Amino acid sequence: MLMAHPAVLDNLVEQYDTLRILHAEEGDEGVRQRMNDVAYTLCVATGTRDIDTALVTARHHLPGARPEDDSVPTA
């Protein structure tokens, strides 16, 4: 499976985390849609189907991730 470049993954994870910290899911329609768009893009970029799995997978592929970490779910 192709995986997005680590810089792209890092940017998406950062965007999602920022939106989550700001409670975007409780914001106006535009902000909620942005959060949904970032979540969808993370899922596509990591080949996963839900945001929690996408975040784990993306973080596993970021520079500095522990290579012995086996927390990445299998597809």
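The model shown is predicted, which means the values in this text are computed figures rather than measured ones. For the single chain, residues carry numbers from 1 onward in sequence order. Heavy-atom basis, side chains included; hydrogens, waters and symmetry copies ignored.
In the displayed structure, E14 atom CD is contacted under 6.0 Å by at most 12 heavy atoms of other residues, nucleotides or ligands.
The shortest non-hydrogen separation linking R32 to G27 is NH1-O, 2.5 Å. Across all their heavy atoms, V38 and Q15 have their closest contact at CG2-OE1, 3.6 Å. M35 and L19 make their closest contact through CA-CD1, 3.7 Å (heavy atoms, listed as atom of the first residue, atom of the second, distance). Closest approach of A58 and V13 over heavy atoms only: CB-CG2, 3.7 Å. Residues L62 and D10 approach most closely at CD2-N, 3.5 Å, considering heavy atoms.
Taken to the nearest 0.5 Å, the OG1 atom of T48 stands 7.5 Å off from the CG atom of L42.
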Test side-chain contact (heavy atoms from CB on, under 4.5 Å) on R20 and D17 and set out the steps.
CA-CA 5 Å; R20 191 182 69 228; D17 285 343; 3.2 Å; yes
Any chance you could lay out the salt bridge (Lys or Arg N to Asp or Glu O under 4.0 Å) test for R34 and D28, step after step, and finish with the verdict?
CA-CA 10 Å; R34 179 64 187 147; D28 67 28; over 6 Å; no
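Taking hydrophobic clusters as Ile, Leu, Val, Met, Phe, Trp and Tyr residues chained together by side-chain heavy-atom distances below 4.5 Å, I51 does not share a cluster with V44.
The shortest side-chain heavy-atom distance between L12 and Y16 does not fall under the 4.5 Å cut-off. The shortest side-chain heavy-atom distance between V56 and H60 does not fall under the 4.5 Å cut-off.
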